[in-house]
Amino acid sequence: MRCPMCQLESAAPVLKVGAGDYCACPQCGGLYLDPYPARQTNAVFEGDAGAAEQQALEVARRGYFLRHLIRIEKHVGRTVQNWRLMEIGCGSGVLLQTAIARGWQADALEMSPELAAIARRINPTAKITVADVVDHTTGAAEYDAVMALDVLEHVLDPGLMLRNCCSLLKPGGLLLLQTPNTASLRFRTQGAAWEMMDPDQHINLFSQRGLEMLLENSCFEVVTLSTVSGSGMEVGAARAAAAVKQWVLDRGKLGNALCVLARRRV
Ligand SMILES: [Zn+2]
C-alpha cells in the first residue's frame with residue numbers, strides 16, 4: 001500500500017501490536033495501520049461520562065494550552081486583537097476559552113456532540129460545528145490560525161485534513177499541529193509497547209520527515225518544528241522538571257510528540 005504520510009508505495013516490515021499491525025515506512029519512518037481501516041473510530045470521547053472525563057483532563061492542561069497559543073502569537077508578531085482562530089477537535093472548549101480570554105475570536109470543529117455542547121456552554125461567542133475536519137470544506141479562507149492538537153494521528157486521510165486546514169486559512173496564516181513522534185526516545189526504547197501505538201485510535205504515527213513532507217506537499221512551509229514531552233498537567237516543581245526534560249529531549253528531537261508551526265504559502 002501507499003504510505004499515507006509520504007506516499008511511498010512499499011511492502012514494508014510490519015510491527016505486531018495487540019489486535020492491529022503497524023507498517024513501518026522505509027522512506028519517512030512513519031507507522032501506519034496495515035490493513036488500513038475503512039473508517040475511523042472516536043470511541044474514547046463518546047457519551048456523557050467520556051465527555052466529563054475529557055473536560056477534567058483539559059482543565060488540568062490549561063497552562064499547556066496557553067503555551068501552545070503563545071507559540072502562535074510569537075510568530076504573528078503583533079498584539080492579538082480580533083484575530084480569528086479555528087481549533088480542530090476542541091473537546092470541551094478549554095483551549096478556546098483561554099484563546100478568547102487573550103483576545104482571539106475563536107471557532108471550532110468537534111466530532112463529539114457531547115463535547116461540543118460543553119464547549120458551547122463555556123464559549124457562547126464561538127461558532128462550534130459538530131463535524132470531522134476531513135469532511136469540512138468551507139473554502140472561505142477566513143482564519144489567521146488553525147490549531148489541531150493530537151488530531152492528525154486519528155484521521156484516515158491526513159493529506160486531506162491538511163488541505164482542508166489550508167482552505168480555512170488566509171494566505172500566510174499559521175497552522176499549529178501536534179502529533180506523536182516515531183523518533184521519540186519512548187518509541188526507541190519501548191518499541192511496540194509505546195503507548196501511542198494504539199490501533200483502536202491511532203491510524204498514522206509520524207516522523208519529523210513524514211510530517212514535513214506531508215506539509216510541503218499540501219500548501220504549507222514549516223516555520224518551526226520542535227518536540228514536546230510530558231503530560232502537560234504537571235504543576236510546581238514537577239512542571240519545572242518536565243520543562244528541563246523537554247528541553248534536553250528536544251535537543252535531539254526525541255520528545256514524545258512533534259509540534260510544528262507551519263505557514264500557508266501565499
Ligand atoms: Zn512514508
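Just follow the structure's listing: the first ligand is 1, and inside any ligand the first atom is 1. Since the structure is predicted, the reported quantities are computational estimates derived from the model, not experimental observations.
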What protein N, O or S atoms come within a distance below 2.8 Å of the Zn ion (ligand 1), ordered by chain and number?
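Listed by chain and number, the atoms are C3 SG, C6 SG, C25 SG, C28 SG.
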Relative to each other, are the rings of W83 and W104 parallel, tilted or perpendicular (30° and 60° limits)?
perpendicular
Which heavy atom in F206 sits nearest to a heavy atom in M5, and how many Å separate them?
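So the two residues come closest at CE2-CG, 3.2 Å.
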Side-chain donor-acceptor distances from residues 29-38 under 3.5 Å, at least two apart:
residue: Y36; atom: OH; partner: L156; partner atom: O; Å: 2.6
residue: Y36; atom: OH; partner: N204; partner atom: ND2; Å: 2.9

With salt bridge (Lys or Arg N to Asp or Glu O under 4.0 Å) as the rule and sequence neighbours excluded, what pairs involving residues 216-230 come up?
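Of all non-adjacent pairs touching residues 216-230, none passes salt bridge (Lys or Arg N to Asp or Glu O under 4.0 Å).
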Could you pull out all donor-acceptor pairs under 3.5 Å where a side-chain atom in residues 115-122 meets a protein atom, sequence neighbours excluded?
residue: R120; atom: NE; partner: I128; partner atom: O; Å: 3.3
residue: R120; atom: NH2; partner: I128; partner atom: O; Å: 2.8

Taking the two cysteines C219 and C166, decide whether their SG atoms are closer than 2.5 angstrom.
yes
